[in-house]
Amino acid sequence: MWIPIVDLTRCVGCSKCVEACPEGAITVVDRKSSIDYGCCTLCGACDRVCQTEALKLKEPEPPVVPELPGTFKHELKEFKYGLKTLRRELRVFAKSLE
């Protein structure tokens, strides 16, 4: 999913995106565009009018999930490692039976 994201280093607060937004989801705060994602319908109208390319439709980065002991991700990683080890041991055992 692509969402509009404002690059605050490029935004000059010209308000063209505010005028273009059919949902009124964009405001200018402290001379920088601010998007209310609760109102935004992801139409892309703001992206098309931004002359400084400060506002672009981008795919957001997924949050990084730490692999802490006791978390599902950590447990899954350990489980996969256990399966890999078990498969290796089964191959060795199967070869010994031949």
Side-chain angles (χ1 to χ4, degrees):
M1 172 173 61
W2 295 77
I3 63 171
I5 297 176
V6 179
D7 180 349
L8 297 176
T9 61
R10 292 178 149 218
C11 183
V12 294
C14 69
S15 299
K16 290 187 181 189
C17 55
V18 175
E19 296 165 9
C21 182
E23 301 300 322
I26 305 174
T27 56
V28 174
V29 179
D30 295 329
R31 302 169 95 182
K32 304 291 178 183
S33 293
S34 176
I35 302 170
D36 179 359
Y37 292 106
C39 297
C40 180
T41 59
L42 312 176
C43 69
C46 54
D47 174 62
R48 292 188 287 275
V49 298
C50 185
Q51 294 177 344
T52 62
E53 295 184 3
L55 207 155
K56 291 188 175 186
L57 292 178
K58 295 182 181 180
E59 189 167 12
E61 295 290 322
V64 177
V65 179
E67 292 186 30
L68 301 173
T71 62
F72 177 74
K73 190 173 182 179
H74 180 74
E75 290 172 7
L76 182 62
K77 188 175 182 178
E78 286 186 358
F79 180 73
K80 287 180 179 179
Y81 178 76
L83 283 177
K84 189 176 181 180
T85 304
L86 183 60
R87 278 191 228 129
R88 192 175 325 126
E89 291 173 1
L90 284 173
R91 279 195 297 270
V92 170
F93 179 71
K95 285 184 180 182
S96 71
L97 293 177
E98 295 175 353

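Model, not experiment: these values are computed from the prediction. Any value given below was found using the heavy atoms of this structure, including those in side chains, with hydrogens, waters and symmetry copies removed. In this chain, numbering begins with 1 at the start of the sequence shown.
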For this session: For residues 12-29, pull every pair meeting side chain to side chain donor-acceptor pair (under 3.5 Å), keeping only residues two or more places apart or in separate chains.
Result: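 Counting only pairs at least two positions apart or across chains, the side chain to side chain donor-acceptor pair (under 3.5 Å) contacts touching residues 12-29 are K16-Q51.
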
For this session: Using the test salt bridge (charged side-chain N to carboxylate O under 4.0 Å, His left out), find all partners of K56 that sit at least two apart in sequence or belong to another chain.
Result: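 With neighbours one apart ignored, the set is E53.
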
Answer whether the closest heavy-atom distance between the side chains of [X] and [Y] falls below 4.5 Å.
X   : Y   : value
V28 : V18 : yes
C50 : T52 : yes
C21 : C46 : no

What is the distance from atom [atom1] of [X] to atom [atom2] of [Y], rounded to the nearest 0.5 Å?
X   : Y   : atom1 : atom2 : answer
R31 : L8  : CZ    : CG    : 14.0 Å
L42 : I3  : CG    : CD1   : 7.5 Å
I5  : E59 : CD1   : CD    : 9.5 Å
L86 : Y81 : CG    : OH    : 12.0 Å

By side-chain hydrogen bond (donor to acceptor under 3.5 Å, both in side chains), which residues pair with [X], not counting sequence neighbours?
X   : value
E78 : H74
D7  : T9
E89 : none

For this session: Return the minimal non-hydrogen interatomic distance between I35 and C40, and the atom names on each side.
Result: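 That closest heavy-atom pairing would be CG2-CB, 4.3 Å.
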
Exercise. Which atom names give the shortest non-hydrogen contact between I26 and L55, and what distance separates them?
Worked result: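 The pair with the smallest heavy-atom distance is CD1-CD1, 4.2 Å.
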
Problem set entry | Donor-acceptor contact below 3.5 Å, side chain Y37 vs main chain A25 |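 No, the answer is negative, given that no donor and acceptor are paired below the 3.5 Å cut-off.
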
Problem set entry | Qualifying residues under side chain to side chain contact (heavy atoms under 4.5 Å, CB included), relative to C11, sequence neighbours excluded |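 Once residues adjacent in sequence are excluded, the partners of C11 under the side chain to side chain contact (heavy atoms under 4.5 Å, CB included) criterion are V6, K32, S33, A54.
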
